[in-house]
S.K.: 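Have a look at this one before I ask anything.
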Amino acid sequence: DTGVSQDPRHKITKRGQNVTFRCDPISEHNRLYWYRQTLGQGPEFLTYFQNEAQLEKSRLLSDRFSAERPKGSFSTLEIQRTEQGDSAMYLCASSPPQGIEDTDTQYFGPGTRLTVL
Amino acid sequence: AQSVAQPEDQVNVAEGNPLTVKCTYSVSGNPYLFWYVQYPNRGLQFLLKYITGDNLVKGSYGFEAEFNKSQTSFHLKKPSALVSDSALYFCAVDPREAGTALIFGKGTTLSVSS
């Protein structure tokens, strides 16, 4: 098991463009989370999936943001009409199903660093 | 509002000395508590957690943390610091409410000098 993977690791885009990030969770982890981390701050929760269902969304997730997990495996996070304020590290995490050891622990990927010019 | 505080932006220690990175929280109920470490240009790496039981929990790389319910604190400790411990450390709380989101502190940069 290679852990949570994210792609791309870095993305530079111009204001107004759309970007999409991918997250592949640890295999058999049915719960998946997205967080955003800006410089000098801790990660802030964006959204949570259990299998393919998006069960929770933060108010940080404006209508320009959309996340999917169509088959309950990998997930994508899309930002439309990017703004300079979207520049941040976007982190994905996964955790095992309830009843499994470490179900309460979130394991993080390396993140995607977005720079909006 | 629920929150996590890491009162020190930076902690400096000499190699071989003990280290403490402080964390307090303001969350109702019986939350789960975590420490993560972040190296430059990398994601968060899980260090240890407190769920229930013994107030002193041991984790990876010789780190341990002490839970104090009356002071709502969860300080990270290590008896003898290594230069390789230099990194950014985050305390996080799972409120165990309807949502599953972790609430993070702002992080503390640990610098260990040789």
Side-chain angles (χ1 to χ4, degrees), chain A residues 2-10 21 23-26 29-50 53-61 88-98 101-113 115, chain B residues 1-10 21-25 27 29-53 57 59-60 65 74 76 87-109:
Chain A
T2 57
V4 178
S5 62
Q6 293 187 244
D7 184 70
R9 294 290 306 276
H10 303 274
F21 310 140
C23 170
D24 286 87
I26 295 171
H29 281 197
N30 69 332
R31 293 182 288 168
L32 186 148
Y33 316 78
W34 286 97
Y35 291 81
R36 181 173 70 186
Q37 183 182 15
T38 54
L39 198 62
Q41 302 294 321
E44 296 175 290
F45 171 74
L46 292 178
T47 190
Y48 158 64
F49 289 85
Q50 183 167 302
Q54 188 174 20
L55 297 186
E56 188 177 353
K57 292 192 291 186
S58 161
R59 60 180 178 273
L60 289 176
L61 211 66
M89 174 79 87
Y90 289 84
L91 295 165
C92 177
S94 69
S95 59
Q98 290 183 340
E101 185 179 2
D102 277 345
T103 186
D104 42 53
T105 302
Q106 295 182 25
Y107 294 91
F108 284 80
T112 294
R113 182 168 296 284
T115 301
Chain B
Q2 300 179 115
S3 63
V4 176
Q6 294 181 240
E8 301 152 317
D9 289 338
Q10 180 149 345
V21 182
K22 296 179 180 177
C23 172
T24 59
Y25 61 92
V27 175
N30 297 303
Y32 294 173
L33 304 168
F34 300 83
W35 277 100
Y36 286 86
V37 60
Q38 187 173 37
Y39 296 97
N41 298 315
R42 297 178 64 176
L44 302 179
Q45 183 175 341
F46 168 71
L47 273 181
L48 51 77
K49 63 185 176 186
Y50 174 83
I51 304 299
T52 187
V57 293
S60 305
F74 189 55
L76 181 70
L88 181 57
Y89 290 80
F90 288 98
C91 179
V93 173
D94 179 348
R96 310 304 296 163
E97 296 177 343
T100 60
L102 291 175
I103 303 171
F104 283 87
K106 290 186 175 183
T108 298
T109 298

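Side chains included, hydrogens not; waters and symmetry mates left out as well; all remaining heavy atoms used. Reminder, nothing fancy here: chain letters follow the sequence lines and each chain counts from 1. Please read these numbers as outputs of a predicted model, since none were measured by experiment.
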S.K.: State, without any angle test, whether B:Thr108 and B:Gln6 hold a side-chain donor-acceptor pair at a distance under 3.5 Å.
M.R.: yes

S.K.: At a heavy-atom separation under 4.5 Å, does A:Gln37 approach chain B through its side chain, its backbone, both, or neither?
M.R.: side chain

S.K.: Highest number of heavy-atom pairs under 4.5 Å with chain B: which of A:Ser95, A:Ser58, A:Gly42?
M.R.: A:Gly42

S.K.: Ring-plane angle category for A:Phe108 and B:Phe104, please: parallel below 30°, perpendicular beyond 60°, tilted otherwise.
M.R.: perpendicular

S.K.: State, without any angle test, whether A:Arg31 and A:Thr103 hold a side-chain donor-acceptor pair at a distance under 3.5 Å.
M.R.: yes

S.K.: Below 4.5 Å from any heavy atom of chain A, which atoms of B:Gln45 appear? Answer side chain, backbone, both or neither.
M.R.: neither

S.K.: State whether a side-chain donor-acceptor pair under 3.5 Å links A:Tyr33 with A:Glu56.
M.R.: no

S.K.: Side chain from CB out, backbone as N, CA, C, O: work out which of these in B:Ile103 comes under 4.5 Å of a heavy atom of chain A, or both, or neither.
M.R.: neither

